[in-house]
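Any value given below was found using the heavy atoms of this structure, including those in side chains, with hydrogens, waters and symmetry copies removed. Along the sequence shown, the residues carry numbers beginning at 1.
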Amino acid sequence: MRRHALCVAGLLAVINIAMASPSASQEMSPSELIRFEDCDAFLDHVKAESLARVGPYGLSGRDSYQPFDVAEAAAAAAEAAADASKGTTTPVAGVDYSATNVQEAGVDEPDIVKTDGTRIVALSRGVLYHIDVSGRDPAVVSTYDLWPWLNSLGGGWRLPDSQLFLRGDTVLVMMSGNSYGPGGTGEPKAEVVQFDLSEPVVMRVVTSLSIDGRLVSARLVDDRASLVVSSESRIDREFVYPASGFESARSRAERSNRNAIRESTLEHWVPGYELKTQGRSDRGSLVDCSATFAPQEFSGFGLLSVLNIDLSEGLRVGSVASVMAGGDTVYASTDRLYVANRRWIDRNDFDAADAARITTQIHSFDVSGPDGPVYEASGSVDGLLLNQFAMSEHDGYLRVASTNLPVWGWWRADGTSESRVDVLERDGGRLRVVGSVKGLGRGERIFAVRFIGEMGYVVTFRQIDPLYTVDLSDPTAPEVRGELKIPGYSAYLHPVGEDLVLGVGQDANEQGRIRGTQVSLFDVSDPAKPVRTHQYRLPRSSRTEVEFNHRAFLYWPQTGLAVLPIGWWGYQEGSNEWVSYQGAVALRIGSGGIERLGTIEHELDEDDLGGGSGYYRWTQAPIRRSLVIGDNLFTLSDAGLKGSDLASLVETSWTRFAPRPTPYVY
């Protein structure tokens, strides 16, 4: 095996700083990054920072905050796609079939299912399915069992996160979990596997890449896939803990831990990788010390790495941009990628006053160039971000919505929490705040955000749902133009036409008690007076995956079709009978309102999926995704793929997946 370090492109071309340690930095913004001169400088830095924090129980505060995962106009995108499709018979996304519901047009996001209009590639219970949908009867033409990788990642009964991209005949499957398998250490591990579909009946593995760390997210623009990986140090393996509660035992443990830090090597602090191609295995360090950066304000011992993969050239490790920070949330435009993370706080030193000082750091990378990702700038905003929709780039500005109290404390904040929208502009190596509007939803937190053109829509909630309209036409002076207070909240906002926004969330009473899924249609033609024109409510206790995963939502602008996976369960009123439902509801959305078209279910066979017993036995498989191909609406569950007539919802096909209970992963 060949071991080598990667040659990493200059991450910080805009900041010409080279130093032996961060303490020798020139005058900079606290959020800007500084560059290490070499591996000795990097090691000196991490050792000094860890020696200042280590105790008898190791670096107990370094993992205090884990990522908060609770991430435009489809008609315009469809019109552009229609223009591109003229004179060709190749199916076009947005015209002949629906693509994954994404935040930005032209920026694909990984999901459990993809299509190019003639085939569907889907992940179900550890199996990759290749389904031909070019004819009348869809058929599974090939499958691939991913359990060798999933077993190595572990995860018990819960499958590790698995998603994919489809580009031409290339499928990129990305898996992330903890390595509890044989020889595993229980640490986060990301696996990326490239498949070739050029021979439909044989799904061939071309290359696989294993990375030390957690896959935060990924984006695909044309053939360029950008992956974001968050890696923690492995120094914990060398730590010991007190054998008793006596002070002498604590002192011995701390001395041992300090010695472990002093004797640590580069491999204890940086992630590695293994690339396997046709029986050959290459190992190396994912980062180059001379192109690794750290914020001036200590942000933990983790490393955030951004790497590009050109799918036209195959899976390989090229230039990597690394920052000594964590990573929670990823947003991308067609040429830039932004990664946000909470300001690092040592749990041992945390107090109530820290909540009001919580800030989020944001790092900007140019991912459009041929030399790979290049670090551009960093900045920070007060508070925490909800998800990827809290960020949006427009005309060179980055708009960011945040709440100034962490999610675990907003309900006991005594009315002191509030939300805000900041506008940031790149100024050299800084993302500088040039405009802000504050005071949104006092005593509440953000539940949904959507930036559309020069307008921002922010939903906050505690008991009543205020929908704020924010005018961002002047980036230096954003302004709240209007506010609508209604019971319940929207957790996802989607543009469905000119001046119309659809909200998916929960209905609630005046005391804030939620009462089931609701779909709301808002007229925002007058930003000063947003109006909810129509509302559709589902049964009490109903939930939809759309509330926390926008990729589960389908909107087909050609017919105004919206599809939401839905589930509800509970005891029927007036009896002890347990009732449950899993399926999808189809709605027609338009200026005339919200019309229920019908529901779709995937009934389970006796030998399919298990599903519990007695009162709690499920008879339907949860529907995860919906997509349109031609005149068919396809819905996906772990039980199979159902085709329905797009107009009538009458079943046209059923492609059943092989029954397979989820095995326990050791």
Side-chain angles (χ1 to χ4, degrees), residues 5 17-26 28 30-66 185-188 212-213 230-272 285-305 322-327 341-351 354 357 359 361:
I17 297 176
M19 55 182 54
S21 93
S23 61
S25 65
Q26 301 174 13
M28 302 174 66
S31 60
E32 285 185 80
L33 302 188
I34 48 183
R35 180 176 181 174
F36 298 105
E37 188 175 65
D38 52 28
C39 285
D40 289 339
F42 173 79
L43 272 174
D44 287 345
H45 172 68
V46 295
K47 288 183 179 182
E49 293 286 2
S50 55
L51 286 171
R53 292 168 171 80
V54 72
Y57 298 95
L59 298 169
S60 59
R62 72 184 186 93
D63 291 325
S64 295
Y65 301 110
Q66 297 299 320
T185 61
E187 296 172 349
D212 295 329
S230 178
S231 307
E232 290 292 343
S233 67
R234 294 184 292 278
I235 189 64
D236 304 65
R237 300 178 185 177
E238 312 300 326
F239 289 153
V240 299
Y241 302 98
S244 69
F246 293 109
E247 183 60 33
S248 58
R250 292 168 55 87
S251 297
R252 285 194 298 271
E254 182 170 342
R255 285 196 300 272
S256 177
N257 293 342
R258 297 180 72 84
N259 286 334
I261 291 172
R262 295 189 185 97
E263 296 173 3
S264 64
T265 62
L266 191 63
E267 286 72 18
H268 288 100
W269 301 99
V270 301
S285 171
L286 193 67
V287 301
D288 181 354
C289 296
S290 64
T292 299
F293 302 83
Q296 287 197 98
E297 182 180 357
F298 181 72
S299 295
F301 297 99
L303 278 171
L304 183 71
S305 299
S322 297
V323 175
M324 196 172 172
N341 66 283
R342 311 172 188 186
R343 178 173 67 90
W344 189 92
I345 296 179
D346 193 321
R347 177 180 295 169
N348 296 327
D349 298 329
F350 181 83
D351 56 41
D354 281 310
R357 299 194 299 270
T359 59
Q361 296 174 326

Could you tell me which non-hydrogen atom of A249 sits nearest to which non-hydrogen atom of A243, and how far apart they are? CB-N, 4.1 Å

Would you indicate whether the side-chain heavy atoms of N341 and L304 approach each other to under 4.5 Å? no

Using 0.5 Å steps for rounding, measure from the NE2 atom of H268 to the CG atom of D236. 10.0 Å

Atom CG in L59, atom CD1 in I261: separation rounded to 0.5 Å? 5.0 Å

When you compare the side chain of K47 with that of S264, does any pair of heavy atoms fall below 4.5 Å? yes

Flag side-chain contact, heavy atom, 4.5 Å: E263 against E238: no

side-chain contact (heavy atoms from CB on, under 4.5 Å) with C39: which of D44, L266, T292? L266

Determine yes or no for a side-chain-to-main-chain donor-acceptor pair under 3.5 angstrom, with N257 supplying the side chain and G55 the backbone. yes

For the pair R234 (side chain) and V270 (backbone), establish whether a donor and an acceptor sit closer than 3.5 Å, ignoring hydrogens and angles. yes

Rounded to the nearest 0.5 Å, the CZ atom of R35 sits from the SG atom of C289 at a distance of 11.5 Å

Heavy atoms of G327 and S230 approach each other most closely as N-OG, 4.2 Å

Side chains of V287 and S305: does their closest heavy-atom pair fall under 4.5 Å? yes

When you measure from the side chain of R258 to the backbone N and O of L51, does any donor-acceptor pair fall under 3.5 Å? yes

Looking at P56 and R250, what are the two nearest heavy atoms and their distance? CB-O, 3.4 Å

Once rounded to the nearest 0.5 Å, what's the spacing between atom CZ of F246 and atom CZ of R252? 10.5 Å

In Å, rounded to the nearest 0.5 Å, how long is the span from CD of E254 to OH of Y57? 11.0 Å

Is the ring pair F42/F36 parallel, tilted or perpendicular, if the boundaries are 30 and 60 degrees? perpendicular

If you take all heavy atoms of L303 and W269, which pair is closest and at what distance? CD1-O, 3.8 Å

